[in-house]
Every structure is written in C-alpha cells, then in structure tokens.
Amino acid sequence: MAGAVALTVGAVLPVSPDAGPGYLSWPLLAVLALVPAGLAVWAAYTGRHGLAAGLIAGLAALAPGRLLLDVQFFANGSLTVRPELYLPDRLLDRSGVAAGFWLLAIGHLLTIAAGLRAARVARELNEIAGSSPGQRRWRLVVPLLAVVTAVGLLMSPVVSTDPYLLARSAFEGPGAALAGYVLLAGALLIAAVLGFSSASDGVARGTLGGAAAAVFAVALPAVVAGLVVPDLHVAWGPCMAVVATLLVLLLTPLATPQQTAAERTDLAGEARVPGLTLWRTATGLLAVLTAVAAVIGALAPQLAGQTQTDSPARWLLVVAAGLVLLPAPFLLAAKTARAARGFLAVLWAGVVLAGTAVLSTAITASEATGLGGLGGAISYHLGAGAVFTAIALGLAGLTALAATVTGVVERDDEGTEGPRPNVLIPVVAAAVLAVATFGTPVFTAPDYPSPGLWSDFDTPSWGLLTAVLVVLGVLALAVRSRPGAAAAALGGAALVLALHVAELPLVGSAIDGSRPGIGFWLGLAAVVATVVAAITAAAGAKTAETTETAKTRP
C-alpha cells in the first residue's frame with residue numbers, strides 16, 4: 001500500500017520543472033495505483049491470502065519495466081512520450097527531474113519489495129494446493145491475449161501532430177524507454193504463464209489481475225491523452241493493450257475452486273480430444289498466416305513510392321516462411337501432430353531471425369533520409385513489405401505461444417512420464433557452438449558491418465538474440481523431455497541453425513565481395529551436433545516404443 005501511495009503522490013507532483021502533464025491526469029493515475037493495492041489489502045483482511053499475494057506479485061512483475069520507463073525522465077525527459085506526466089510546450093534538448101520523479105521511483109521500488117514477499121507466499125500456497133493446476137483450458141487463451149497486449153505496449157502510445165512531442169514506438173525511442181517497454185512485454189508474458197499455471201486458484205486469479213492492473217496503469221493514460229489533449233490522437237497500440245487486458249479480466253473470474261475441482265476429475269478420452277484438436281488447428285492456422293505474411297513482407301517493396309527498396313535478406317525470409325509452413329498440415333493428423341508441433345515450437349524463431357533483417361532496410365532508409373523513423377514519417381510512408389514483415393513477426397510470436405500451449409494440453413492428456421534421451425554430450429556441444437555462431441558473422445564483406453550480439457547491435461541483432469535464446473532453451477529442455485518430443489524440437493533447432501548458416505548464399509550473394517565468416521563454419525558444426533542429438537533422441541524414442549509394445553503383448 002505504501003508503494004501505491006508513493007505512486008499517487010508522485011503523479012500529483014511534477015516529474016520535471018521544464019514541462020507539466022498534458023491534462024489533469026493525477027485522479028486517473030491515483031485510481032490506477034490505489035484500487036489494486038486496496039483490493040490486495042481487502043483480500044488479505046478477509047483471509048483470501050492467495051488472491052492478495054497474486055495481486056501484489058502481478059503488480060510487482062511489471063514494476064521493473066515501469067521503473068525503467070520513469071528512469072527516462074532522469075536520462076533525458078525531452079525524449080519521453082508520457083503526455084499524462086510530461087508534455088513540453090517548447091523545444092527542449094534536455095530537462096531535469098523534480099520531486100514527482102523520485103516518488104514514482106520509490107513507489108516502484110516499494111512495489112518490487114512487496115512483490116518479493118508476495119511471491120514467497122504464493123509459492124507456499126501453490127505447494128499446499130498441489131503440483132498441478134488442473135484442467136483450466138479456458139485459461140489457455142490468456143497467454144494469447146498477453147501477446148496481443150505486449151505487442152500493443154511496444155507500439156507508439158499516441159499519434160502526435162504536436163511539434164514538441166515526437167511520438168515513436170518503443171524500438172524507435174530512447175534506450176531507457178526501450179528497455180522498459182521490452183521488460184514490460186517480457187514480464188507480462190511470464191506473469192500470464194505463471195498465472196494460469198498456478199495450482200492455487202486464488203494465486204492464479206490474483207496474478208493475472210495484478211498484471212492487468214499494471215497494464216492499465218501504462219496504457220490507459222495514453223488512451224485518455226489521445227482523446228482529450230489537442231494535437232494528440234488515440235493510437236492502436238494502447239487500445240489493443242486495454243481491450244486484451246479487459247478480456248483477461250472478464251475471463252479470469254469465471255474459474256472458481258469448485259470448477260477447478262470439477263476439472264481435475266475430467267476423464268481421459270473423448271472429453272479431452274476436442275480441446276487438443278482445437279489448439280492444434282489454431283497453431284497450424286497461425287503458422288500458415290505467419291508464412292503468408294512473411295512471403296508478402298519479403299517480396300513487396302519496403303518503402304512506398306521508392307525504387308530499389310528490396311531487402312537483401314528477402315530470400316532468407318521466404319525460406320523461413322517455407323520452414324514454418326511445412327509442418328502446419330501435419331498438425332491435423334494424429335500420428336504426426338506431436339512431432340509437427342515440436343518443430344513449430346522452434347521454427348517460428350527463423351521468421352524473427354530473417355524478418356528483423358528484412359525490416360532493417362526500412363529502418364535504415366528512414367534514418368538515412370532524416371524522416372524521423374518508422375512511426376514519425378512526414379512525407380514518407382512504409383511500403384507493404386515493411387508492414388507485412390512486422391505483422392509476420394507478431395504472428396510468429398502468436399504461433400510460438402500457441403505451440404507451447406498445445407504442448408501443455410498434450411502433456412495434460414498423455415502425461416509426462418517416460419524415459420529421457422541420452423543426448424547430454426551432443427547437446428552441450430551444440431549449445432556452445434550455437435552461442436558462437438550467432439555471435440559471429442556468417443559472412444563478411446568490405447564496408448559491410450555485420451550486425452552481431454556483442455558489437456554493431458542493430459535491428460537484425462534482435463533476431464539473432466531471439467534465435468539463440470530459443471535454440472538454447474530447446475537444447476536445455478531436450479535433456480529432460482521424452483525422446484520423441486526431444487527429437488522433434490532438436491530437429492527444429494537444427495533447421496533454425498541451418499537457416500542462419502544459409503545467410504551466406506541467400507543474403508551474402510546480394511552483397512559485393514562477400515565471403516564466409518567464422519560464424520559459417522561454427523554454424524555448420526552446430527547443425528551437425530544438433531542433428532546428432534536429434535538422431536540419438538529419435539533412436540531412444542524408437543527403443544521406448546518397441547519396449548512399450550512388448551510390454552502390452554499378452
């Protein structure tokens with residue numbers, strides 16, 4: 001509660017001596033801070049400790065990201081897009097901070113401290129409730145809504161015609177704000193997954209409610225600013241976040257302890273199959289949409305009305321689209337659905353890897369012409385290629401989450417018991433080689449700075465980072481997964497690594513003087529090690545299947 005009070009007082013006081021709020025925002029900000037804290041206090045007072053702990057933990061999960069957003073006032077307030085707290089009426093190069101900033105920072109720190117304590121209580125309540133959250137399949141839509149919300153938070157908060165406020169998306173903004181929005185989006189997804197998977201019903205609802213309250217505190221003031229502040233207009237991003245979060249709040253209270261108990265008694269068989277079939281169909285549909293958007297994004301012009309705006313990485317994106325499309329039909333067949341889902345749970349990263357490289361063409365061109373980036377064009381518009389590439393990136397994220405949720409449903413239906421593959425040695429080798437290959441250039445060329453992870457960090461570097469994290473995650477899980485699931489996931493990881501290696505012929509051929517870099521040879525070695533691990537896991541799956549068949553014979 002002390003954190004909420006500090007946030008309220010911080011909203012009342014000015015955050016900077018150089019500019020004030022664009023509208024009378026402190027009553028709204030006070031409600032957004034005090035209401036969830038008050039609900040947590042009420043829940044604790046009435047003995048609903050799981051709900052209280054979840055609310056505080058959900059709020060605290062997004063507090064670090066909100067803190068970084070406010071730190072931008074300290075770094076350089078003139079670059080912020082926070083009209084509810086700061087709207088300059090003159091051109092500013094820099095601005096200072098006032099008492100409001102310090103109280104906001106204290107409020108976020110107090111929220112984080114309370115969240116650490118609440119997380120311990122939530123963990124204890126989950127242990128008491130049991131190790132399984134039960135069959136809460138209605139909640140499996142919550143992660144998808146969380147992805148929509150996260151994408152909305154990364155978009156521009158408002159549309160601005162104010163000459164003193166340049167509205168930009170997170171990726172076009174200053175460093176502290178970018179880190180804050182990315183941390184918000186990531187923390188939101190983690191909170192959503194932890195929320196719907198909590199064994200305690202109260203903790204589950206509280207976590208989702210707390211995260212929703214934090215999203216409202218970020219997105220709703222921007223929506224109001226677009227409605228009431230002259231020269232500002234409502235943007236799509238915060239509207240998406242608000243609507244998706246409202247849907248989460250409408251869905252969450254539908255679960256009661258009685259319903260959860262009833263779901264725990266759900267029998268295996270036909271009662272479960274429609275849910276699994278539905279999620280497999282949704283995953284396949286999202287994969288098809290991702291592939292279609294990626295192909296259009298690769299082949300359409302990146303800049304509207306311009307010539308020679310094709311990205312040199314367009315064929316890499318076309319190949320990535322084909323890799324995502326290939327397993328989609330096999331999700332509809334029972335015998336191949338599990339393997340296809342395992343491949344798709346990894347192959348989506350290839351679209352991000354290639355899509356960020358394609359999208360960098362539009363970003364670089366807009367920066368070179370001094371037109372203010374993607375969101376702040378004056379006499380310049382994005383081409384269909386850039387728009388559809390961005391859509392493909394969002395759909396790839398949805399495909400990943402749908403494939404993950406489908407895996408959760410599969411484990412609910414079929415269990416997780418079984419032998420583990422003996423793939424530790426090739427997996428460790430593949431992990432070391434994967435980090436090395438994504439961190440070094442696949443090809444080099446004169447006057448061509450290859451984007452990397454350790455230096456020359458640029459738009460394609462986000463794709464490299466995504467791909468290496470996904471591949472490392474798959475390699476780590478393969479050691480503990482069942483042989484069949486491990487083989488499919490490792491096969492997908494090998495294809496992502498091969499796609500990265502294929503940058504030499506697919507991208508390097510369009511650049512004069514290109515030649516293989518050290519990342520090419522490391523990538524080939526990583527592909528070999530991952531394929532060896534996949535073959536080993538597949539052999540273990542075949543052995544386990546033979547053993548199981550022998551046991552069932554009379």
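One-based numbering along the sequence shown.
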Kindly give the heavy-atom pair with the smallest separation between [X] and [Y], and that separation in Å.
X	Y	result
Val346	Ala493	CG1-N, 3.5 Å
Leu87	Pro21	CB-C, 4.4 Å
Ala60	Thr111	CB-O, 3.4 Å
Tyr181	Pro157	OH-CG, 3.8 Å
Asp70	Arg82	OD1-NH1, 2.9 Å
Leu393	Gly355	CD2-CA, 4.0 Å

What I'd like to find out is whether the side chain of [X] reaches to under 4.5 Å of the side chain of [Y], using heavy atoms alone.
X	Y	answer
Arg117	Ile56	no
Leu29	Leu7	no
Ser25	Val224	no
Val324	Leu344	yes
Trp462	Ser360	no
Val496	Val470	no
Val159	Leu232	no
Leu104	Leu85	yes

With rounding to the nearest 0.5 Å, note down the distance linking [atom1] in [X] to [atom2] in [Y].
X	Y	atom1	atom2	value
Thr281	Leu285	OG1	CG	8.5 Å
Leu62	Leu153	CG	CG	8.0 Å
Thr399	Leu347	OG1	CG	10.5 Å
Leu477	Leu490	CG	CG	10.0 Å
Trp26	Thr8	CH2	OG1	9.0 Å
Leu103	His108	CG	NE2	11.0 Å

#### Entry: Check: Leu395 main-chain N/O paired with Thr290 side-chain donor or acceptor under 3.5 Å
yes
Check your understanding: side-chain contact (heavy atoms from CB on, under 4.5 Å) between Leu184 and Leu69: does it pass, once the steps are laid out?
Key -> CA-CA 9 Å; Leu184 273 175; Leu69 291 183; 3.6 Å; yes
Requested in this report: Walk me through it: do Val234 and Val158 pass the test side-chain contact (heavy atoms from CB on, under 4.5 Å)?
Outcome: CA-CA 5 Å; Val234 177; Val158 292; over 6 Å; no
Atom OH of residue position Tyr23 - does it have more than 12 heavy atoms of other residues, nucleotides or ligands inside 6.0 Å? yes
* To do: Just say parallel, tilted or perpendicular for the rings of Phe73 and Tyr86, cut-offs at 30° and 60°.
  => tilted
